[in-house]
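Report on one structure; see the data block that follows.
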There are 2 protein chains.
Amino acid sequence: MGVTKTDLFTKEQNELAVLAKSLAHPARIAILQYLLESNKCINGDLVNELGLAQATISQHLRELKNVGLIQGSIEGVSMSYCINPEKWSSIQKLFNGMFDKIQNCGPDECC
Amino acid sequence: MGVTKTDLFTKEQNELAVLAKSLAHPARIAILQYLLESNKCINGDLVNELGLAQATISQHLRELKNVGLIQGSIEGVSMSYCINPEKWSSIQKLFNGMFDKIQNCGPDECC
DNA sequence: TCTTTTCATCGTATTATTACGATAATTAAT
DNA sequence: ATTAATTATCGTAATAATACGATGAAAAGA
């Protein structure tokens, strides 16, 4: 490409894009849905659940953790992940802040 | 990478990921925000508005059009783009369908 | 201590994304 | 018919994302 020109855009635009990117892979969606389902926080039986290699899952988990959507805690020899509820609701608000901006327009105003 | 293994995931998971990907760039967020603001549907003065080359903007517009978020109509020599309201609200529902699934859990259930 | 289990990280091959100059295509205007 | 204006597409260089085997690190249990 050439790098994304982050400096051309507002903080909010970049933030939305980064968050959207973290959701831009079906494996990460699946991980989040799995965590939402089993609210008891589940570790790497995601590896069994999804059909991906352990290293790949771990990589996706790290991305979700980097944007703050999930958090992990050590549980003996294994790792326990869960949704970060605060971040989760803040993301929902951020997205809806954009989604809600739609305005219905007259017959000549739209294409 | 190796290609995303689409077949491992559900239709909904893939759909969410594709839509998220279309939002996963600040330029596309900026384009959408601009279209939301000026509900009269604006054409390629996006090129002036954002600081990107014409070809780059056109490429981003095509991506947004491909997922159905925007639609364009020819207006003389120029092109008029606007948000597709039906798709827009369907996306909002799809995302909120996931966001709303969060459940508060007891002290021992979360990590 | 040694082994097992579980997870993260590294290295790397493969594919996708981004950006933009150049060029084509289309329409309006002269 | 020419020219100007506007947009899409092509080609391509640079960079990011994906997947996974291999290896490392840390804790539990023998």
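Here is how names work: the chains are called A, B, and so on, in the same order as the sequence lines, proteins then strands, and each is numbered from 1.
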Distance check: side-chain N/O of [X] vs OP1/OP2 of [N], anything under 4.0 Å?
| X | N | value |
| --- | --- | --- |
| Y81(A) | dA8(C) | yes |
| K21(B) | dT17(C) | yes |
| S58(B) | dT7(D) | no |
| S78(B) | dT6(D) | no |
| H60(A) | dA17(D) | no |

Closest-nucleotide ordering on DNA chain D, the 5'-leading residue of Q59(B) and Q54(B):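 The residue mapped nearer the 5' terminus is Q54(B).
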Heavy-atom side-chain proximity of L50(A) to V47(A) below 4.5 angstrom: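 Result no, sub-4.5 Å side-chain heavy-atom pair not found.
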Student check: side-chain heavy atoms of W88(B) and M98(A) closer than 4.5 Å: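 Yes, side chains in contact.
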Interatomic distance where [atom1] belongs to [X] and [atom2] belongs to [N] [whole Å]:
| X | N | atom1 | atom2 | answer |
| --- | --- | --- | --- | --- |
| N48(B) | dA5(D) | CG | P | 14 Å |
| R62(B) | dA19(C) | CZ | P | 14 Å |
| N66(B) | dA16(C) | CG | P | 15 Å |
| I31(B) | dA19(C) | CD1 | C1' | 13 Å |
| M79(B) | dT26(C) | CE | C1' | 11 Å |
| I42(B) | dT7(D) | CD1 | C1' | 16 Å |
| D7(B) | dA19(D) | CG | P | 11 Å |
| D45(B) | dT6(D) | CG | P | 10 Å |

Where at least one partner belongs to residues 16-28 of chain A, residue pairs that pass side chain to side chain donor-acceptor pair (under 3.5 Å), sequence neighbours excluded: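 Sorted pair list: H25(A)-T4(B), R28(A)-H60(A), R28(A)-E63(A).
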L8(A), CG atom: more than 12 neighbouring heavy atoms under 6.0 Å: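 Atom CG in L8(A) is packed in, count exceeds 12.
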Most 5' of E63(B) and A55(B) on DNA chain C, judged by nearest nucleotide: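 Checking each residue's closest nucleotide, the 5'-ward one belongs to E63(B).
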Given DNA chain C, 5'-ward residue of the pair V77(A) and I74(B), judged by closest heavy atom: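 Between the two, 5'-proximity favours V77(A).
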Touch class at under 4.0 angstrom, heavy-atom based, for L52(B) against every strand present: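 Sugar-phosphate: the residue L52(B), judged by heavy atoms under 4.0 Å, touches backbone atoms but no base.
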Sugar-phosphate only, base, or nothing, as touched by E75(A) at under 4.0 Å among non-hydrogen atoms: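 Answer is nothing: E75(A) stays at 4.0 Å or more from every strand.
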S73(B): side-chain hydrogen bond (donor to acceptor under 3.5 Å, both in side chains) partners, not counting sequence neighbours: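 Partners of S73(B) under the side-chain hydrogen bond (donor to acceptor under 3.5 Å, both in side chains) test: none.
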